[in-house]
Amino acid sequence: MSERRRLLVVYHTQSGNTGQLAEAVVRGARRVDETETVVKRAFDAGVEDLLACDALLLGTPENFGYMSGALKDFFDRTYYPCEGKLIALPYAVFVSAGNDGTGAVREIGRIALGYGWKEVAEPLIVRKAITGEALEQCEELGEAMASGVALRIF
Ligand SMILES: Cc1cc2nc3c(=O)[nH]c(=O)nc-3n(C[C@H](O)[C@H](O)[C@H](O)COP(=O)(O)O)c2cc1C
């Protein structure tokens, strides 16, 4: 049997909303036994985590029309050491926002382009309060990513 594939979830949360989304994403992903799901706060995640993963889920609040500083810091620290080594890495994004979220999605997309990653799911933006429906969507996203990477369909 081949080795379990690895999904890395990297997120930041300041007041807990993106944290709730991340927990739901991980819950969904861990329904898939064939994939190992590793979850890290953005400040704790680094080059080794990134180089060891087969797919990536990125979570952030939208702050000032951008991703959180913590997620940007993760990109700043990992870009050069990973440059050219993660071409076509499947990734997707989830965002908690007050009323927008599109700025964070857009700017993560620009950075992901620089790494050469491949977006494999629609960005999930959760606006205002976190509802049960939003958590279900996060679980579905996590499960879909974990299944996709296990089945090598990306
Ligand atoms: C400093 C700051 C800037 C923010 N800027 C935006 C913004 O540009 N667009 C938006 O939709 N929400 C904005 N918000 C709202 C947050 O995105 C929202 O409260 C989010 O749920 C916070 O996630 P967290 O609890 O994971 O930190 C901002 C919040 C803070 C604290």
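Start at 1 and go down the list; that is how both ligands and their atoms are numbered.
- Close approach to Gly65 involves these atoms of ligand 1, each under 4.0 Å from a residue heavy atom: 7 (C), 8 (O).
- Those atoms of ligand 1 with a heavy atom of Asn99 less than 4.0 angstrom away are 10 (C), 11 (O).
- Among the atoms of Ala97, none of the N or O lies under 3.5 angstrom from an N or O of ligand 1.
- Membership of the apolar cluster around Leu7 extends to Val9, Tyr11, Leu21, Val25, Val26, Val39, Leu57, Phe94, Val120, Leu124, Val126, Ile130, Leu135, Leu141, Met145, Val149, Leu151, Ile153, Phe154, as traced through chained side-chain contacts below 4.5 Å between ILVMFWY residues.
- A salt bridge links Arg31 with Glu139: at least one charged nitrogen is closer than 4.0 Å to a carboxylate oxygen.
- Where the criterion is an N or O separation shorter than 3.5 Å, residue side chain and backbone included, Gly98 meets it with respect to ligand 1.
- Near Thr13, the atoms of ligand 1 lying under 4.0 angstrom from a non-hydrogen atom of the residue are 24 (P), 25 (O), 26 (O), 27 (O).
- The nearest protein atom to atom 17 (O) of ligand 1, hydrogens excluded, is given as Glu62 O, 2.7 Å; this is a heavy-atom distance.
- Judged by distance alone, with hydrogens and angles left aside, the side-chain atoms of Arg41 form a donor-acceptor pair with the main-chain N or O of Thr13 at under 3.5 Å.
- The residue among Ile130, Asp100, Thr102, Leu21 with a heavy atom at the shortest distance from atom 11 (O) of ligand 1 is Asp100.
- The environment of CD in Gln14 is sparse: at most 12 heavy-atom neighbours from other residues, nucleotides or ligands sit within 6.0 Å.
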The test is side-chain contact (heavy atoms from CB on, under 4.5 Å); show your working for Val32 and Glu143 and say whether it passes. CA-CA 7 Å; Val32 181; Glu143 187 170 359; 4.0 Å; yes
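- Each of the following atoms of ligand 1 lies closer than 4.0 Å to a heavy atom of Thr18: 23 (O), 24 (P), 26 (O).
- In this structure, Thr60 contributes its side chain and Ser68 its backbone to a donor-acceptor pair below 3.5 Å.
- The hydrophobic cluster containing Leu113, built from Ile/Leu/Val/Met/Phe/Trp/Tyr side-chain heavy atoms closer than 4.5 Å, comprises no other residue.
- Ligand 1 places these atoms under 4.0 Å from at least one heavy atom of Gln14: 24 (P), 26 (O), 27 (O).
- The nearest protein atom to atom 1 (C) of ligand 1, hydrogens excluded, is given as Phe64 CZ, 3.4 Å; this is a heavy-atom distance.
- Nearest residue to atom 19 (O) of ligand 1 from Asn17, Thr60, Asn63, Val126 is Asn17 (criterion: closest heavy atom).
- Ion pairing between Asp49 and Lys40 holds under the 4.0 Å rule for side-chain N and carboxylate O.
- Residue, atom and distance of the protein heavy atom nearest to atom 21 (O) of ligand 1 are Ser96 OG, 2.6 Å.
- Closest to atom 25 (O) of ligand 1, if we only count protein heavy atoms, is Ser15 OG, 2.5 Å.
- The protein non-hydrogen atom at the shortest distance from atom 22 (C) of ligand 1 is Pro61 CB, 3.7 Å.
- With Tyr115 as the fixed residue, the ring pair (Phe, Tyr, Trp, His ring centres under 6.0 Å) test singles out one of Phe74, Tyr91, Tyr80, Tyr79: Tyr79.
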